[in-house]
Enquirer: 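Let me begin by handing over the structure; questions about it come next.
Just so it is clear, the values below take in all heavy atoms, side chains as well, and ignore hydrogens, waters and symmetry mates. Please read all numbers here as calculations on a predicted model, not as lab measurements. Sequence lines set the chain letters: A, B, ... in the order given, protein chains first and strands last, and positions in each chain run from 1.
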Amino acid sequence: MFRMPIRTHYTAEIKPEDAEKEVVVAGWVHRLRDLGNLKFIILRDREGLIQITLKKGVTAQELIDLAEKIKDEYVIAVKGVVKANKIAPKGREIIPKEIEILSRTVSNLPVSVSGKIESNLDTRLDNRVLDLRRPEVLAVFKIQSKLVQGMQDYLREDGFQQIFTPCLMGAASESGAEVFPVVYFNKSAFLRQDPQLHRQLAVISGLDRIYDLGPSWRAEPSHTPRHLCEHRGCAVELGFIKDEYEVMKVEENLVISGLKKVKEDCVEELELLGKEIKVPSAPFPELRFPKIYEILEEFGKKIPFGEDYDRESETILANYVREKYKSDFFFVNRFPFKVKPFYVMRVDEEPQWARSVDLIYKGLEVSSGGQREHRYEKIMEQIREKGISPVGMQWFTEHFKYGAPPHGGFNIGIERMTMQLLDLSNVREAALFPRTPERLLP
RNA sequence: GCCCCGAUAGUAUAGUCCGGUCUAGAAUACUGGCCUGUCGAGCCAGUGACCCGGGUUCAAAUCCCGGUCGGGGCGCCA
């Protein structure tokens, strides 16, 4: 089987200064360049690429014979000596002493890993395992990982505790969005659309400052480049707030910390993707209803007073903010209560408007949240106003009878953040194995 | 859920409007050959395709209908 000693280095760890060292590298054959009596194998692992150079007369003949059999994407291990060489990529190459083929391919790969031909997204997703080997695809997920890490770094420093909330629900978690039903013994259950309500319960139980990283499901048959049936969110909730502005402050810090982390730790990946990260500074611009109607009207967009805005408005507002404040990010606050769920807190003096906040990044909603209603009577009143069955929501509302501090939070979509950060044309690019109405495999 | 567009080798495409010179073209991958510093290596040769079903026609990749799958816009949303 595997007779070679285990890998001593990832490719990226090997530098020209390691000349004359004996190393073992292992990975996939990224590219082959056969010049006859001179052959190059470009080997790829998680961290990068390295060139294996075989020369007739220098390299043992049996290695050269073996190398002739190697094809793209074979898995090989190579033991050899590092040689510093200015004409080799990154100034170093490996002169092999031993090569072992660990796994072969059948011919005709459905996705070109070395990137000579760009496949359609659908073909790529059908063959996602192969697709993920492409360095530029791998880079997206390294960046995503750092983004989430950066967001968590901030949360932990600021006293937020990570919690895990249930994904199976005995009742729909929000009005409006479609839910996936689940067979749950002899009961009807659903996959959550949002960890929202359980986060609130966690906060009023006394956990105070929490975050939850996890999936949500929406059974919407949406055919757009920005919807998934399964997506992940970094959902934050905090208690004892004065108003929604404290929630927004947390969100700003979280975004800044995430983007900063990506900028610092993903220099090569960003370069590979040709992207530059603009780390925003706080506070982010804020647009509020009903002032938004006036702004929109300036640009010839008439939205009836008290109504929600549409996609076109979102674009108009994003352009407006980019021009006026030079910012990719902005908050939209004080949405009409009538378009928001029962649990949001209204402005007491102007009950038409809610302390409900969306975060828009490069013209796309990446998060929504705000201050929640914590007063039991008000919650019940709003449930009645929305025409929801109070009995059905009792599992949630009951707990507000026994002391609930003012609180608020938000859920920021991880795939959408990644998509906007890297200007990906489809959110599916930002999900490892995306779930869409038609796609449930692999 | 509504609306628009598309489907040609393993991949990505040309050809479709205006049916016949399409025996379907170039690329890349694949197979074979040449080549001692490539870096999307190069050169030569070869294999390989019109989504499915029905219709119109002397003749369909091309026109019409249905299906399936895919892309996008809106709604909704993270």
Side-chain angles (χ1 to χ4, degrees), chain A residues 30-42 49-59 64 68 71-73 83 85-91 93 95 105-127 130-131 174-178 192-196 214-235 251 308-315 335 339-341 358-361 364-369 410-420 425-428 430-431 436-439:
Chain A
H30 190 62
R31 216 165 245 152
L32 286 159
R33 296 194 191 98
D34 187 348
L35 281 67
N37 290 327
L38 176 65
K39 297 181 204 309
F40 302 103
I41 300 170
I42 313 299
L49 304 169
I50 196 157
Q51 175 165 286
I52 318 293
T53 305
L54 297 93
K55 261 185 212 181
K56 190 164 187 163
V58 178
T59 314
I64 291 176
E68 307 226 313
K71 309 276 176 246
D72 282 356
E73 296 309 308
K83 192 180 159 198
N85 192 340
K86 273 187 193 139
I87 50 176
K90 297 198 172 167
E93 61 190 351
I95 309 301
T105 61
V106 296
S107 55
N108 285 334
L109 304 172
V111 170
S112 164
V113 177
S114 54
K116 285 186 185 172
I117 302 270
E118 184 74 11
S119 299
N120 293 323
L121 184 56
D122 193 51
T123 308
R124 289 172 44 206
L125 293 176
D126 281 341
N127 301 281
L130 213 45
D131 184 50
E174 252 184 285
S175 59
E178 293 291 321
R192 72 177 185 199
Q193 301 140 287
D194 200 288
Q196 155 80 35
S216 297
W217 293 269
R218 307 275 164 93
E220 301 280 354
S222 298
H223 294 97
T224 82
R226 57 185 182 279
H227 287 88
L228 293 168
C229 290
E230 178 181 272
H231 75 276
R232 276 123 209 112
C234 177
E251 191 160 9
D308 201 359
Y309 61 41
D310 56 12
R311 270 290 291 162
E312 193 191 0
S313 311
E314 208 166 51
T315 309
F335 277 89
V339 304
K340 289 289 170 182
D358 280 4
L359 178 64
I360 314 290
Y361 179 23
L364 181 67
E365 180 183 344
V366 291
S367 148
S368 69
F410 57 89
N411 188 5
I412 185 155
I414 289 167
E415 292 88 353
R416 278 200 178 175
M417 268 300 287
T418 310
M419 172 190 180
Q420 294 306 87
S425 59
N426 195 310
V427 72
R428 293 166 215 189
T436 56
E438 282 74 31
R439 180 177 293 283

Enquirer: Nearest-Å distance, CZ (Arg311(A)) to P (G75(B))?
Expert: 8 Å
Enquirer: Think Lys86(A) has a side-chain N or O under 4.0 angstrom from the OP1 or OP2 of C39(B)?
Expert: no
Enquirer: Once hydrogens and angles are ignored, does a donor-acceptor distance under 3.5 Å link the base of A78(B) to the side chain of Arg226(A)?
Expert: no
Enquirer: In this structure, how many angstroms lie between the C1' atom of C51(B) and the CG atom of Asp122(A), rounded?
Expert: 13 Å
Enquirer: A78(B) C1' sits how many Å from Glu415(A) CD, rounded?
Expert: 8 Å
Enquirer: Can you see if the side chain of Arg33(A) gets near the phosphate of C35(B) - specifically, an N or O under 4.0 Å from OP1 or OP2?
Expert: no
Enquirer: Could you tell me which nucleotide pairs with G20(B) by Watson-Crick or G-U wobble geometry, both distances under 3.5 Å, or answer none if nothing does?
Expert: C58(B)
Enquirer: Is any N or O donor-acceptor pair between the side chain of Glu93(A) and the base of G37(B) shorter than 3.5 Å?
Expert: yes
Enquirer: Reckon Ser112(A) has a side-chain N or O less than 4.0 Å from the OP1 or OP2 of A29(B)?
Expert: no
Enquirer: If only side-chain N and O atoms of Asn426(A) are considered, is one of them under 4.0 Å from the OP1 or OP2 phosphate oxygen of G71(B)?
Expert: no
Enquirer: Would you kindly check whether a donor in the side chain of Ser222(A) faces an acceptor in the base of G75(B), or vice versa, at under 3.5 angstrom?
Expert: yes
Enquirer: Send over the distance from Ile50(A) CD1 to U38(B) P, rounded to a whole Å.
Expert: 18 Å
Enquirer: Should G37(B) form a Watson-Crick or G-U wobble pair with both distances under 3.5 Å, which nucleotide is its partner?
Expert: none
Enquirer: With respect to the side chain of Asn108(A), which nucleotide from U38(B), A29(B), G71(B) is positioned closest?
Expert: A29(B)
Enquirer: Ignoring hydrogens and angles, does a donor from either the side chain of Glu118(A) or the base of U11(B) sit under 3.5 Å from an acceptor on the other?
Expert: no
Enquirer: Using OP1 and OP2 only, check whether a side-chain N or O of Lys71(A) sits under 4.0 Å from C30(B).
Expert: no
Enquirer: Would you kindly check whether a donor in the side chain of Arg416(A) faces an acceptor in the base of C77(B), or vice versa, at under 3.5 angstrom?
Expert: yes
